[in-house]
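Fair warning: this is a prediction, and the values are worked out from it, not measured in the lab.
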Amino acid sequence: MNNVAFFFHILGAFLFVAGIVLAGVAFEAARRRDHPAEIRLLLGLTRVGVALVAVGGLLLPVFGLWLVHLGHFGYGSGWVVAAIALYIVVLALGGLGGRRPREARLLATRLAAADAPMTDQLRALLDDRVSRAENYGSLLIVLVIIVLMVFKP
């Protein structure tokens with residue numbers, strides 16, 4: 001059972017991180033474009049990343065908590081509590097950070113359909129510093145969680 005739980009936990013981690021990376025790379029590529037059609041296409045890829053994050057985000061806690069049970073680590077262990085708390089923060093930051101890119105994708109879709117040029121509003125959505133800080137912050141916290149999982153301090 002330990003191998004099954006470990007496999008699905010690692011699979012969840014790979015999907016979660018791959019989704020974050022895909023969404024981040026597609027978003028950063030979209031930020032460097034000036035044509036709404038290109039921006040729409042690239043931000044459409046972020047939806048695939050979000051789907052990967054969602055699937056991985058479901059597998060991670062279920063199988064991670066099962067591993068804690070199987071390994072007799074104790075749910076009150078400091079590294080377990082920290083990882084769970086940080087995971088909740090990651091989900092919250094990712095959700096908040098994804099709002100502006102979603103708005104940018106919807107606006108880029110409308111502009112591309114009308115064959116309209118880049119607008120200041122679209123540029124502002126793509127360059128929103130708060131959203132970028134939330135997204136990069138969540139990525140850094142994911143890295144901290146990985147360190148906690150590997151070293152179990």
Side-chain angles (χ1 to χ4, degrees), residues 1-33 38-110 120-153:
M1 294 316 271
N2 211 19
N3 288 339
V4 171
F6 185 69
F7 172 79
F8 283 106
H9 183 65
I10 295 300
L11 177 63
F14 279 127
L15 292 173
F16 195 75
V17 172
I20 290 170
V21 169
L22 175 59
V25 168
F27 178 73
E28 287 301 325
R31 287 189 61 241
R32 288 161 176 71
R33 301 290 191 252
E38 293 175 335
I39 294 168
R40 178 200 63 202
L41 176 68
L42 289 165
L43 292 180
L45 290 174
T46 64
R47 297 174 81 184
V48 175
V50 170
L52 291 173
V53 168
V55 172
L58 291 173
L59 293 174
L60 273 172
V62 170
F63 290 98
L65 292 173
W66 190 21
L67 279 172
V68 169
H69 173 73
L70 292 173
H72 305 289
F73 294 111
Y75 295 105
S77 299
W79 65 273
V80 173
V81 171
I84 292 169
L86 290 173
Y87 179 74
I88 292 168
V89 170
V90 164
L91 293 179
L93 282 177
L96 291 171
R99 290 185 305 176
R100 293 287 190 232
R102 181 179 178 274
E103 290 175 32
R105 180 179 51 80
L106 295 173
L107 178 55
T109 299
R110 288 193 303 272
D120 291 338
Q121 180 185 9
L122 179 56
R123 179 54 56 201
L125 288 170
L126 292 170
D127 292 340
D128 184 66
R129 289 183 182 194
V130 173
S131 178
R132 289 174 61 208
E134 291 164 342
N135 285 318
Y136 282 112
S138 69
L139 175 61
L140 289 174
I141 295 171
V142 166
L143 296 176
V144 170
I145 294 171
I146 292 170
V147 169
L148 285 173
M149 294 296 105
V150 170
F151 295 108
K152 298 172 185 61

Trainee: If you count every heavy atom of other residues, nucleotides or ligands that lies below 6.0 Å from N3 atom CG, does the total exceed 12?
Mentor: no

Trainee: Once ring pair (Phe, Tyr, Trp, His ring centres under 6.0 Å) is applied, what residue pairs with a partner in residues 80-100 remain, sequence neighbours excluded?
Mentor: F16-Y87

Trainee: Which pairs pass ring pair (Phe, Tyr, Trp, His ring centres under 6.0 Å) with one or both residues in residues 133-153, sequence neighbours excluded?
Mentor: none

Trainee: CD1 of I39 to CG of L122: how many Å apart, nearest 0.5 Å?
Mentor: 4.5 Å

Trainee: Under 3.5 Å, sequence neighbours excluded: what are the donor-acceptor pairs made by side chains of residues 60-83?
Mentor:
{"from": "Y75", "atom 1": "OH", "to": "L65", "atom 2": "O", "distance (Å)": "3.3"}
{"from": "S77", "atom 1": "OG", "to": "F73", "atom 2": "O", "distance (Å)": "2.5"}
{"from": "S77", "atom 1": "OG", "to": "G74", "atom 2": "O", "distance (Å)": "3.0"}

Trainee: Does any part of the side chain of V142, heavy atoms only, come nearer than 4.5 Å to the side chain of I146, both counted from C-beta?
Mentor: yes

Trainee: Donor-acceptor pairs under 3.5 angstrom involving side-chain atoms of residues 42-51: please list them, not counting sequence neighbours.
Mentor:
{"from": "T46", "atom 1": "OG1", "to": "L43", "atom 2": "O", "distance (Å)": "2.4"}

Trainee: Which pair of non-hydrogen atoms, one from I20 and one from V53, has the smallest distance, and what is that distance?
Mentor: N-CG2, 3.5 Å

Trainee: Under the rule for salt bridge (charged side-chain N to carboxylate O under 4.0 Å, His left out), what residues qualify as partners of R31, not counting sequence neighbours?
Mentor: E28, D127

Trainee: Please report, to 0.1 Å, the donor-acceptor pairs under 3.5 Å made by any side chain of residues 91-110, with sequence neighbours excluded.
Mentor:
{"from": "R100", "atom 1": "NH1", "to": "E103", "atom 2": "OE1", "distance (Å)": "3.2"}
{"from": "R100", "atom 1": "NH1", "to": "E103", "atom 2": "OE2", "distance (Å)": "3.3"}
{"from": "T109", "atom 1": "OG1", "to": "R105", "atom 2": "O", "distance (Å)": "2.8"}

Trainee: Which value, rounded to the nearest 0.5 Å, describes the distance between F6 atom CZ and L11 atom CG?
Mentor: 11.5 Å

Trainee: Compare every heavy atom of M149 with every heavy atom of H9, then report the nearest pair and how far apart it is.
Mentor: NE2-SD, 4.3 Å

Trainee: Measuring from F7:CZ to L59:CG, what's the distance to the nearest 0.5 Å?
Mentor: 9.5 Å

Trainee: My understanding is that only residues two or more places apart in sequence, or in another chain, count here; which of them pass side-chain contact (heavy atoms from CB on, under 4.5 Å) with V21?
Mentor: V17, V25

